[in-house]
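For reference, the structure is listed below as structure tokens.
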There are 2 protein chains.
Amino acid sequence: MPRPKSLTQTALAVAALAVLDRDGLAALSMRAVANELGVGTMSLYRYVADRDELEAVAVEHILSQVDVDPPKKALWDKQVAVLAERVRTAIARHPNAVPLTMSHRHRCPSLLRWGEAVLGVLTRAGFTGEERVIALRVVLGYLIGATEMEHRSPLAGEGTDAMTGLSEKYPLLAETAGVAGGIPSDVEFRRGLEVVLSGLRRP
Amino acid sequence: MPRPKSLTQTALAVAALAVLDRDGLAALSMRAVANELGVGTMSLYRYVADRDELEAVAVEHILSQVDVDPPKKALWDKQVAVLAERVRTAIARHPNAVPLTMSHRHRCPSLLRWGEAVLGVLTRAGFTGEERVIALRVVLGYLIGATEMEHRSPLAGEGTDAMTGLSEKYPLLAETAGVAGGIPSDVEFRRGLEVVLSGLRRP
DNA sequence: TTAGGTAGGCGTACAGCGCACGCTTACAGT
DNA sequence: ACTGTAAGCGTGCGCTGTACGCCTACCTAA
């Protein structure tokens with residue numbers, strides 16, 4: 001009956017991510033997103049309740065792209081590894097949004113679906129009860145932590161250079177940073193995940 | 001020669017944490033901290049360059065309280081576990097500051113000292129080169145991730161209740177949430193950490 | 001074809017933020 | 001007692017999120 005909507009929540013999410021990718025986290029504002037869409041600021045409030053929800057919608061859009069079907073005919077640990085790496089990859093596509101991803105992940109349906117999928121794999125592998133709780137937590141914990149570290153770390157990125165100067169106070173850290181600089185981050189992630197899965201494999 | 005300072009960076013940190021603990025993260029502002037100290041807003045800028053530095057000082061104050069001496073005559077994995085739990089404990093004392101702790105940890109001298117201490121333990125345990133890099137990363141990654149999850153998780157706290165309602169869409173997740181609710185969070189952290197350390201013990 | 005109701009779009013305004021600037025003022029050394 | 005120095009802070013600016021209410025495009029019913 002009335003005038004039809006001209007936008008969608010998804011369109012807001014895409015615009016927010018465009019601003020984020022182009023101008024950084026600090027530049028994300030209701031005005032900026034509205035501008036990106038060529039509409040007035042207050043029009044956005046027809047699609048989201050407030051800024052918080054806009055952020056949540058953007059994060060959901062990032063994570064909705066991860067395929068939660070574990071690869072058939074792979075061992076359970078490989079399946080978990082693949083699922084974890086898919087999340088890492090999706091998040092890595094929007095590095096400026098990492099802090100938002102962290103703060104909104106817990107209300108994100110896609111991540112719930114992902115958790116359900118991981119639990120499916122674990123269940124099929126024989127995990128039950130508290131053991132299964134711990135298994136999910138340790139995998140998700142490592143995933144969250146590793147992703148955070150990768151995008152603002154003392155051992156990689158800008159921190160590495162700044163820290164090699166502190167060799168005298170922190171010799172081991174400086175040496176470690178040097179070695180870490182030679183390892184591609186995806187390899188580092190995979191090897192750390194391998195450690196976690198290795199710990200889960202034993203009784 | 002001139003008028004002496006009446007405050008210190010530490011005093012700002014304490015005031016900021018007081019505001020944080022009492023009124024939450026959103027209430028932390030330069031005005032609020034100045035009020036807490038009974039001084040004018042702009043006076044704070046004699047002690048910190050900007051709000052960002054105030055946050056960093058507060059985080060440093062939180063983490064400066066962790067003892068980085070590993071317990072003598074314990075096995076290396078126990079030593080690492082103790083060091084990790086000390087950080088968790090320190091962070092947990094100011095739950096409202098967790099997001100700040102995450103975003104400022106990488107410029108925090110106390111955490112560098114902590115990393116140096118962990119590397120010392122790992123080195124004495126025989127870890128070298130890339131293996132040692134991975135070991136530190138996986139421990140720190142789990143620590144960071146687990147701490148984040150503990151303070152805003154889909155499996156604990158308010159999320160648990162909200163999610164048991166979604167049993168139909170996410171049956172495994174709902175069941176897991178129920179089981180998780182019965183495990184004290186420090187036990188959960190310890191058992192997850194045990195998985196990680198178990199993974200580090202092999203080859 | 002026209003009139004009316006519904007809801008989309010948005011202009012305005014306000015409280016709060018971080019902080020640049022420059023004045024006032026308390027102190028220490030001569 | 002005088003003076004140089006830096007602490008303390010009042011004012012103001014540009015920005016934020018968003019409450020409120022007007023205007024108007026659209027779809028339906030007559």
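Each chain gets a letter, A, B and so on, in the order its sequence line appears, and its residues count up from 1. Any value given below was found using the heavy atoms of this structure, including those in side chains, with hydrogens, waters and symmetry copies removed.
- Contact detail for A:Y47 and A:Q9: the closest heavy-atom pair is O-NE2, 3.0 Å.
- At a non-hydrogen distance threshold of 4.0 Å, A:R31 from residues 21-35 of chain A come into contact with DNA chain C.
- Put simply, the side chain of A:R105 gets close to the backbone of A:M102: a donor and an acceptor are under 3.5 Å apart.
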Close N or O pairs between protein and nucleotides 23-30 of chain D (under 3.5 Å):
from   : atom 1 : to   : atom 2 : distance (Å)
D:dC27 : O4'    : A:M1 : O      : 2.4

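- Proximity of A:L200 to A:V139: side-chain heavy atoms (C-beta onward) are separated by under 4.5 Å at one or more points.
- Between the C1' atom of C:dC17 and the CG atom of B:D52 lies a distance of 15 Å, rounded to the nearest Å.
- Atoms CG (A:L37) and P (C:dG9) sit 11 Å apart, rounded to a whole Å.
- A distance of 6.5 Å separates CG of B:L136 from CG of B:L122, quoted to the nearest 0.5 Å.
- The CD atom of B:E60 lies 10.5 Å from the CD atom of B:Q65; values are rounded to the nearest 0.5 Å.
- Of the residues in residues 40-51 of chain A, A:G40, A:M42, A:S43, A:R46, A:Y47 come within less than 4.0 Å of DNA chain C through at least one heavy atom, sorted by number.
- Between the B:R31 side chain and the B:T41 main chain, no donor and acceptor come within less than 3.5 Å of each other.
- The ring pair (Phe, Tyr, Trp, His ring centres under 6.0 Å) check on A:F127 picks up A:W76, with sequence neighbours excluded.
- In this view, A:E53 satisfies the salt bridge (Lys or Arg N to Asp or Glu O under 4.0 Å) rule with no residue, not counting sequence neighbours.
- Screening residues 176-198 of chain A for ring pair (Phe, Tyr, Trp, His ring centres under 6.0 Å) gives A:Y142-A:F189 as the qualifying pairs, with residues at least two apart or on separate chains.
- At distances below 3.5 Å, at least one donor-acceptor pair connects side-chain atoms of B:Q79 with backbone N or O atoms of B:P71.
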